[in-house]
2 protein chains.
Amino acid sequence: MASSIHDLARHLNISIGTVSRALNGRADVNADTRQRVLDAAKKLNYSPNQSGRSLRRGATHSIAFMLQPHPGDQEYGEPFFIPFLTGLQAKLAESGLDLIVVMGAPGDYQQERLRRVVETRRADAVVLAWTRREDERIDYLTQAGFPFATLGRSRSGGDSYPSLDLDFEKAGADAVDRLVARGHRRIAAIRPSLDLNFGYLFLAGYRKALRRHGIEFDPELIADGFINEAGGYAVTPKVMRSKDPPTAIIFNNDAMALGGCKALAEAGIRPGHDVAVIVIVDTPLCRYFSPALTGFRPALEPMGERLAEMLLASIPAYAGAEGARIIREVWPLELIARDSD
Amino acid sequence: MASSIHDLARHLNISIGTVSRALNGRADVNADTRQRVLDAAKKLNYSPNQSGRSLRRGATHSIAFMLQPHPGDQEYGEPFFIPFLTGLQAKLAESGLDLIVVMGAPGDYQQERLRRVVETRRADAVVLAWTRREDERIDYLTQAGFPFATLGRSRSGGDSYPSLDLDFEKAGADAVDRLVARGHRRIAAIRPSLDLNFGYLFLAGYRKALRRHGIEFDPELIADGFINEAGGYAVTPKVMRSKDPPTAIIFNNDAMALGGCKALAEAGIRPGHDVAVIVIVDTPLCRYFSPALTGFRPALEPMGERLAEMLLASIPAYAGAEGARIIREVWPLELIARDSD
DNA sequence: TGTTTTTCCGTAAACGTTTACGAGAACACA
DNA sequence: TGTGTTCTCGTAAACGTTTACGGAAAAACA
């Protein structure tokens, strides 16, 4: 079934060395024999065995993205990643690299799977998401000297790796500014319950903006929940029970906002009318919800492309002539004003 | 950095053959030396090189799931697959197999990437989703003799491969039955625009039930759109423009329903009040929408687990003592009655 | 013609495993 | 003591590549 380089050599009556050189486009092979090899390869449906190639080259030519059901989100996952992965894949493919997505089991936060990928040398580098404030995965990878890049920042690992993040701090502040400008003073914030870094950044921006406007920070207006509909649903009533209830709520993302709006509706509070709603990370869902939710839209596919470039630039073997370098970027979030605030 | 079996052998002053046998739990190695090897492996942080192992064994011990942004759905993807993949991963891990998710570029419907996986022998088997009525991927894989299983049925390839599907036909009929019982006679159906097999099954059940109730099929009440919010939004007005507009709409899935409800709301039609809504494939989103959408919930994680079992059972090398066999199953969809109908 | 350079290709080793084969040592049994 | 069996391990080949090395033939040059 599978034809090897030996089959080609036998078929053409030349040595396997020549076949390999012809296939790899090396200079020291006659143009005529190269063509014959190429033709034979097509005819015999040859394609190189990945294991053999990786073994010899010491590189797999593939990059791993660690995907896992988020804790507290066992049931359904984030559609967030698909466009990001599309961009990542496209850019990596340009360099002849494959993207593989490694599924982790829910719960272990990928440590086990990550070790497996690294130790069995299944990929040349990995891409991490859901970065935490202090991230043990980053510590592990830096300590192991394994190349990686992150979608999101972390305090772990210093500046030793490429990272691409969104400016959640500014988005949090912008959301507050916008709401204050519209007359709100009691503004709640619904965050992810885990120590995910963007939850911190979002809140930091929120607090900074409040201070700027001379509004006192009220812990009663902050609540943490799982990053999904159930989380928003469970947690929103808490902030509404405040002695002086909020007139506006900033949700971390669309799913939490959806759950939160459901809770509001059940309490007879109309989102967009009785209470303003803004979401930080918006997806197309926000646009089609009623009321359409004002939010900050990330450019996910370009981010995937960019992170691929940044990752490759950081790896000596893949970096071009100018040599390896670490790039870290923070991208703006674009406000899309709709009907909910 | 990476320690090999040779390092272990040198360290323990024994041969690499013995080390390998000890590591692989073969019988012909002294219990004492095995223990020493195991200890040394832990101490030197040894783990087998995947490429070397695959090359020698002729198997990668990993299964590939082909994931790709759905055509017309470039922007955001289906959260649908995450719980399925979780189940798949968990079950495969029990057999020591890795699950890798191969990202395809949008558009090429995976043919290119699939070939790549198969021809470079990157995985021992693949799992396909989004099965079409006639599916060239299935034709390719059967013709290539490559092991695979599908989430969803197809007319391609006969019964030669394991498949697990949901009973969309029955769900379509059940939806009609339920709506008719509630007094509806003008029932619209919003389908995916592509020739995805479940779109056909859903419509087949719909038509069968209509016939059973003596309701004439009206093509004006059928519309096809992309499987996302934009698709539902774009297409729902079409059926509402019918001379005799529907009093109920069955949507293929939650995202389409969301878009559709938006379109209805903009036209001053209240979903759940003025027009009944049912969705075929429901996710948690349905529960938190207002009105909460009645829908049919698939058991995605168990399906993932089951398909892993079925795939393994079909591959001689992985099937147990009873030998390889092809299993095909169709699972029921459970109706979750909520507020929208 | 003789020397040097260039072009092209074959040989063989190496990457890290697994495993068939065989052999030495220990043991059992007569 | 001789024969047979069982344990345990080393040797070496193999999986499919890539590539350093060297050499033969052809080309270029003096």
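Protein chains get the first letters and strands the later ones, always in sequence-line order, with residue 1 at the start of each.
Residue A/Thr33 is in sugar-phosphate contact alone, with no base atom involved, counting any heavy-atom pair closer than 4.0 Å across all strands shown.
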Enumerate all atom pairs, one protein N or O and one N or O from nucleotides 10-12 of chain C, separated by less than 3.5 Å.
{"unit_1": "C/dG10", "atom_1": "OP2", "unit_2": "A/Ser15", "atom_2": "N", "d": "2.9"}
{"unit_1": "C/dG10", "atom_1": "OP2", "unit_2": "A/Ser15", "atom_2": "OG", "d": "2.8"}
{"unit_1": "C/dG10", "atom_1": "OP2", "unit_2": "A/Thr18", "atom_2": "OG1", "d": "2.5"}
{"unit_1": "C/dG10", "atom_1": "N7", "unit_2": "A/Arg21", "atom_2": "NH2", "d": "2.9"}
{"unit_1": "C/dG10", "atom_1": "O6", "unit_2": "A/Arg21", "atom_2": "NH1", "d": "3.0"}

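Straight-line distance from the CD atom of A/Gln50 to the P atom of D/dT17: 10 Å, rounded to whole Å. Atom CZ of A/Arg10 and atom P of D/dG16 are 11 Å apart (whole Å). Taking atom CG of residue A/Asn24 and atom P of nucleotide D/dT19, one finds them 7 Å apart after rounding to whole Å. Separating the NE2 atom of A/His61 from the P atom of D/dT17 is a distance of 14 Å, rounded to the nearest angstrom. Atom CD in A/Glu119 sits roughly 13 Å away from atom P in C/dT17 (whole-Å rounding). Protein atom NE2 of B/His6 is 10 Å distant from nucleotide atom C1' of C/dC15, rounded to whole Å. Look at CG on A/Asp7: it is 13 Å from C1' on D/dT17, rounded to the nearest Å. To the nearest angstrom, P of D/dC21 lies 13 Å from CZ of A/Arg26.
Side-chain N/O atoms of B/Arg57 include one lying less than 4.0 angstrom from OP1 or OP2 on C/dT18. Using a 4.0 Å cut-off, no side-chain N or O of B/Asn49 falls inside it from OP1 or OP2 of C/dC15. Phosphate proximity of D/dT18 to A/Ser20: present, with a side-chain N or O under 4.0 Å from OP1 or OP2. Contact annotation: B/Asn30 does not reach the phosphate of D/dC7 (side-chain N/O to OP1 or OP2, under 4.0 Å).
A/Arg10 meets the salt bridge (charged side-chain N to carboxylate O under 4.0 Å, His left out) test with A/Asp7; sequence neighbours excluded. Under the salt bridge (charged side-chain N to carboxylate O under 4.0 Å, His left out) criterion, A/Asp39 pairs with no residue, sequence neighbours left out.
Between B/Arg121 and A/Ser47, the closest heavy-atom pair is NH2-O, 3.5 Å.
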For B/Glu112 and B/Arg115: C-alpha separation, side-chain torsions, deciding distance, then whether salt bridge (Lys or Arg N to Asp or Glu O under 4.0 Å) applies.
CA-CA 5 Å; B/Glu112 192 195 335; B/Arg115 297 192 89 88; over 6 Å; no

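In this structure, the side chains of A/Phe65 and A/Val126 stay at 4.5 Å or more apart for every pair of heavy atoms. Using a 4.5 Å heavy-atom cutoff, the side chains of B/Leu114 and B/Leu141 are in contact.
Interface remark: the B/Arg56 side chain does form a donor-acceptor pair with the C/dT18 base, using a distance-only criterion of under 3.5 Å.
A residue-by-residue look at B/Leu55 and B/Ala27 shows that B/Ala27 has its nearest nucleotide of DNA chain D further toward the 5' end.
Here the side chain of B/Thr131 pairs no donor or acceptor atom with the backbone of B/Ser154 at under 3.5 angstrom.
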